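Data first, discussion second: the structure below is written as structure tokens.
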Amino acid sequence: MRYDLVIFDNDGVLVDSEPISNRLLAAYLTELGHPTTYEDSIRDYMGSAMHRIHELVLERTGRRLPADFDTTFHSRVFDAFRRELEPVSGAADVLEKLNADGVPYCVASSGSHERIRVALRNTGLYGLFDEQRVFSSEDVGRGKPAPDLFLHAARTMGVPPERCAVVEDSPLGVQAAIAAGMDVYGYTAMTPAAKLARAHARFAKMAELPQLLA
């Protein structure tokens, strides 16, 4: 394989969480007086760290979200994850193949450490990671689309950016990977391929990824 490290986004790439979290985010923002559809949430917030949601709402409305917004939202999301969350089809197979081939990998997500762990545990994927291979936007000052998270993951794993591949499903994530100087592979199962046009390559099924990385 031509890469020394494969960095996976979590939501929408390893776990099928985007439909759940964006449904709940749209409902909660609407409840708070910021009318938001599911489609709005996907367009504006998919792949974002929580601080970006606060910033966009403040910028658009001049009103701040409640101080307990993150806590309440995550509580609702985690409850739904425990009931509904499934792994992305084929994700476990890709991770197991990388393990078998001796290719290091990690997860670097805009979500909190707690969210990443809840998601991976509830989908049975957590056993394919260890604590040293889980990175969150909480670890850095700026989330995606800034490159900070991917650069932090690569630095911690001891791999130069140019030897890293990133697997992403959001335009913000693609932008962050490019800014980090990494090749990025756009997963189009949920995101229209045109929105990931800047990716090094695009694919619609996880089974296609190993060949692209080879």
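These figures come from a predicted structure and were not determined experimentally.
Geometrically, R23 does not engage Y38 in a cation-pi contact defined by less than 6.0 Å to the ring centre and at most 45° from the axis.
Under the 4.5 Å side-chain criterion, counting only non-hydrogen atoms from C-beta, P104 is not in contact with V6. Considering only heavy atoms from C-beta on, V166 stays 4.5 Å or farther from D183 through its side chain. Side-chain contact between V15 and V88: absent, with no pair of heavy atoms (C-beta onward) separated by less than 4.5 Å. Using a 4.5 Å heavy-atom cutoff, the side chains of T123 and F81 are not in contact. Side-chain contact between V107 and R133: absent, with no pair of heavy atoms (C-beta onward) separated by less than 4.5 Å. Inter-residue side-chain proximity for E39 and R43 is flagged as unmet; no heavy-atom pair is nearer than 4.5 Å. Counting heavy atoms from C-beta on, the side chains of M157 and D4 never come closer than 4.5 Å. Looking at heavy atoms from C-beta onward, P19 lies in side-chain contact with M190 at the 4.5 angstrom threshold.
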**Q.** Derivation and outcome, ring pair (Phe, Tyr, Trp, His ring centres under 6.0 Å), residues F203 and Y187
**A.** CA-CA 5 Å; F203 64 103; Y187 182 47; 5.2 Å; yes

Q | Evaluation steps, side-chain contact (heavy atoms from CB on, under 4.5 Å), between T156 and Q132 | A | CA-CA 9 Å; T156 303; Q132 289 70 44; over 6 Å; no

Q | Working for side-chain contact (heavy atoms from CB on, under 4.5 Å), residues F8 and L209 | A | CA-CA 12 Å; F8 290 89; L209 181 59; 3.9 Å; yes

Q | Criterion ring pair (Phe, Tyr, Trp, His ring centres under 6.0 Å) on F135 and F150, from CA distance to verdict | A | CA-CA 9 Å; F135 302 97; F150 290 140; over 10 Å; no

Q. Would L14 and L95 count as a side-chain contact (heavy atoms from CB on, under 4.5 Å) if you check the C-alpha gap in whole Å, the side-chain angles of each, and the deciding distance to 0.1 Å?
A. CA-CA 9 Å; L14 296 177; L95 297 177; 4.2 Å; yes

Q. Stepwise, does the side-chain contact (heavy atoms from CB on, under 4.5 Å) test hold for F69 with L29?
A. CA-CA 9 Å; F69 179 86; L29 289 174; 3.9 Å; yes

Q. Checking salt bridge (charged side-chain N to carboxylate O under 4.0 Å, His left out) for the pair R64/E55: CA distance, chi angles, key distance, verdict?
A. CA-CA 8 Å; R64 294 186 183 278; E55 291 164 0; over 6 Å; no

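By the 4.0 Å N-to-carboxylate-O rule, D93 lies too far from K97 to be salt-bridged with it. Ion pairing between D70 and R115 fails under the 4.0 Å rule for side-chain N and carboxylate O. Salt bridge present: R76 and E31 bring a charged side-chain N and a carboxylate O closer than 4.0 Å.
The distance from the OG1 atom of T72 to the CG atom of L24 is 12.5 Å, given to the nearest 0.5 Å. R63 contributes atom CZ, which lies 10.5 Å from atom CG of L58 (distance to the nearest 0.5 angstrom). Atom CG of N22 sits about 10.0 Å away from atom OG1 of T37, to the nearest 0.5 Å. Atom-to-atom distance recorded for H54:NE2 and S48:OG is 11.5 Å, nearest 0.5 angstrom. L213 CG to H200 NE2: the interatomic distance, rounded to the nearest 0.5 Å, is 9.5 Å. Within the model, atoms CG of L149 and CD1 of I7 stand 8.0 Å from one another, a figure rounded to the nearest 0.5 Å.
When every heavy atom of G143 is checked against every heavy atom of A49, the shortest pair comes out as CA-CB, 4.4 Å. The two residues A201 and L212 have their closest heavy-atom pair at CB-CD2, 4.5 Å. Looking at every heavy atom in both residues, D11 comes nearest to D9 through O-OD2, 3.1 Å. For the residue pair H113 and E138, the shortest heavy atom distance occurs at N-OE1, 3.0 Å. Residue I53 comes nearest to L25 through the heavy atom pair CD1-CD2, 3.8 Å, listed as atom of the first residue, atom of the second, then distance. Smallest separation of non-hydrogen atoms from V184 and A177: CB-CB, 3.7 Å.
Formation of a donor-acceptor pair under 3.5 Å by the S137 side chain with backbone atoms of S110 is found in this model. Checking side-chain atoms of D139 against main-chain N and O of S136 turns up a donor-acceptor pair under 3.5 Å. No donor-acceptor pair closer than 3.5 Å links the side chain of T30 to the backbone N or O of Y28. Although no hydrogens or angles enter the test, the distance criterion places a donor-acceptor pair under 3.5 Å between the side chain of T61 and the main chain of V57.
Residues L85 and V134 are members of one and the same hydrophobic cluster, defined by side-chain heavy-atom contacts under 4.5 angstrom among Ile, Leu, Val, Met, Phe, Trp and Tyr. In the hydrophobic cluster analysis, where Ile, Leu, Val, Met, Phe, Trp and Tyr join through side-chain heavy atoms closer than 4.5 angstrom, M206 is grouped together with V103. In the hydrophobic cluster analysis, where Ile, Leu, Val, Met, Phe, Trp and Tyr join through side-chain heavy atoms closer than 4.5 angstrom, Y3 is grouped apart from V159. A single hydrophobic cluster is not seen to contain both L56 and M46; linkage of ILVMFWY side chains at heavy-atom distances under 4.5 Å, directly or through other members, places them apart.
For the ring pair (Phe, Tyr, Trp, His ring centres under 6.0 Å) test, no residue two or more places apart in sequence or in another chain qualifies with Y45. In this view, F78 and H74 satisfy the ring pair (Phe, Tyr, Trp, His ring centres under 6.0 Å) rule, not counting sequence neighbours.
The aromatic rings of F129 and Y105 sit perpendicular to each other, their planes meeting at more than 60°, with 30° as the lower class boundary.
Within a 6.0 Å sphere centred on CD of Q211, other residues, nucleotides and ligands contribute 12 heavy atoms or fewer.
Of the options R202, K195, K144, a salt bridge (Lys or Arg N to Asp or Glu O under 4.0 Å) to E168 is made by K144 and by none of the others.
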